[in-house]
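Below: one structure, written as structure tokens.
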2 protein chains.
Amino acid sequence: MMEERSQGDHLEGSGDCAAPSRREVRRESRRDAILEVASASFLENGYAGTTMSGIAAELGGSKGTLWSYFPSKDLLFGAVLDRVTDAFRQQLTLTLNAADPIETALTKFCTKYLTKLTVPQSIALHRLVIGEAARFPEMGRIFYERAPWKTQELLAGYLEAAMDCGKLRRHDSFAAAQYLTSLCIARSHQQLVSGVIDELPADRIREEVDHAVTVFLRAFRP
Amino acid sequence: MMEERSQGDHLEGSGDCAAPSRREVRRESRRDAILEVASASFLENGYAGTTMSGIAAELGGSKGTLWSYFPSKDLLFGAVLDRVTDAFRQQLTLTLNAADPIETALTKFCTKYLTKLTVPQSIALHRLVIGEAARFPEMGRIFYERAPWKTQELLAGYLEAAMDCGKLRRHDSFAAAQYLTSLCIARSHQQLVSGVIDELPADRIREEVDHAVTVFLRAFRP
DNA sequence: CCATCATCGTACTTTAGGGTACGTTTTCGC
DNA sequence: GCGAAAACGTACCCTAAAGTACGATGATGG
């Protein structure tokens, strides 16, 4: 039942200096599996509500193995947040088409933004980060830089260009970006994170975005 | 060393049907002391970070007494949030002077609003409520109704009147109120709750408010 | 094939903390 | 004053959960 190892060796030796031996690969994928399970648990149950034993059980593995990857709950939590905020940022591949008329471009952008921001997973992440910010100060900073700041900076670039073309009144572009994103979430985000409502239906998203963009343009058009 | 009780009896019997006997008074003040200590601890350390034993110790009393007032940690937490959100709402005695020009009235209102909202105590309350909203669903709802909703409704009333006078363009007044409060916190609140910054200096508050009111009026003036 | 390293299963230790029990002391109502 | 109710002090129970130990059972690399 043994296949020739030479095949594997050949692949391994194919010009790559950092040897990704089978063990390394396996280790990496195991680590990933742990983070997957842990992310789900932390997002669903919060920090205190998540147990290491529970994660180990769900993984099917033993506790010793889990500890060999993450020697403490805090470290695991850190790794989870790192991964989750990163995924959050990546999924938020926001596009601003300079060819579109400004109202269209902003509407598209805001729709994607609000859609992403209001799914239960995002709300859970917000709750987790904000709830633990006092106990894990670094984490809050990292999250802020990766998610809200990044988004606003992207938007600010577009707005800056629009100001240069005279399509928008001149103003601190980063502040303007903060105003637009804030207008988008003005009516619903507080209710979502407080648990007053659970989700934002698509038609309400469209409505909120339309109003937000209208208000924004009324204030920022030359 | 015993003074005559008849004095106390006289006071007690002075026409009040609901007898506030010394015991009742004492009980009430003890309950208050407990809530005071517990509030501080929950706000500073979060739900999981607060221990019943710690509260009892800080009170100087015994655990039995604490449990005789609040038979479980959950119930104590509920009472604390009730008290704290109520206090929050009361301290936010926002005034809108209909005699002032609209820009002045809104600037005054927003300054008070943002000042109150950015002190560390408010940030701690936000973190607590949002962080535990998933585990204590009722609580999130109560908080939302008492604090953000109440404020926005008050503001909406003023805006509605201003619209009636033709000082503002006609629009859903509650939505307009949400937009104004949102513009006030647009630039700093996220950073505060994430722990990127700890406080908002007075001059920055003034700046944020001025900009927010300007943007708002540009969008909502007829 | 064999040495090695990872994983598994499981049992264990330890600590924290919610909650209880109870005898003693203080306070209060009358 | 006296009896009842509340508060105190303290020791205790019990469970959950972080983290450890270790021998058995694989998988990997040479």
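Reckoned from all heavy atoms, side chains included, excluding hydrogens, waters and symmetry mates. Everything numeric in this text was worked out from a predicted model, so none of it was measured. Throughout, a chain's letter reflects where its sequence line sits, starting with A, and its residues are numbered from 1.
Of the possible polar contacts, one joining the A:S182 side chain to the B:S182 backbone as a donor-acceptor pair under 3.5 Å is found.
Of all nucleotides listed (D:dG19, C:dT7, C:dG19), C:dT7 comes nearest to the side chain of A:T65. Considering only side-chain atoms of B:S62, the nucleotide from C:dG9, C:dT27, D:dT10 that sits closest is D:dT10. Among the nucleotides C:dC8, D:dA7, D:dA18, the one closest to any side-chain atom of A:R30 is C:dC8. Relative to the side chain of B:T51, the nucleotides C:dT7, D:dA7, C:dG18 differ in distance, and C:dG18 lies closest. Of the candidates C:dT20, D:dA18, C:dC8, the closest approach to any side-chain atom of B:K63 belongs to C:dT20. Closest to the side chain of A:W67, from the set D:dA7, D:dG19, D:dA27, is D:dG19.
Within the structure, every side-chain polar atom (N or O) of A:Y69 is placed at least 4.0 Å from both OP1 and OP2 of C:dA6. For D:dA7, one of the phosphate oxygens OP1 or OP2 lies less than 4.0 angstrom from a side-chain nitrogen or oxygen of B:R27.
Atom CG in B:L66 sits about 12 Å away from atom P in C:dT20, given to the nearest Å. Distance, B:M52 CE to D:dA16 C1': 17 Å, rounded to whole Å. To the nearest angstrom, C1' of D:dC8 lies 18 Å from CD of B:E58. When rounded to the nearest whole Å, the span between CZ of A:R26 and P of C:dT4 equals 20 Å. Per the geometry, NZ belonging to B:K73 stands 21 Å off P belonging to D:dC14, to the nearest Å. Atom pair A:E24:CD and C:dT4:C1' shows a separation of 15 Å (rounding to whole Å applied). In this structure, B:L76 atom CG and C:dG19 atom P are separated by 10 Å, rounded to whole Å. In this structure, the CG atom of B:L75 is 13 Å from the C1' atom of C:dG19, given to the nearest Å.
Closest-nucleotide positions on DNA chain C for B:S72 and A:S68 were compared, and the one nearer the 5' end corresponds to A:S68.
Under a cut-off of 6.0 angstrom, the local environment of NZ in B:K150 is sparse, with at most 12 non-hydrogen atoms contributed by other residues, nucleotides or ligands. With a 6.0 Å radius and a threshold of 12 heavy atoms from other residues, nucleotides or ligands, A:Q121 has its CD atom at or below the threshold.
Using a 4.0 Å heavy-atom distance criterion, B:G60 is classed as a sugar-phosphate-only contact. At the heavy-atom level, B:F70 lies nowhere under 4.0 Å from the strands shown.
Inspection of the A:Y47 and A:D74 side chains reveals an N or O donor paired with an N or O acceptor under 3.5 Å.
Between B:H126 and B:H189, the two ring planes are perpendicular [angle over 60°; tilted spans 30° to 60°].
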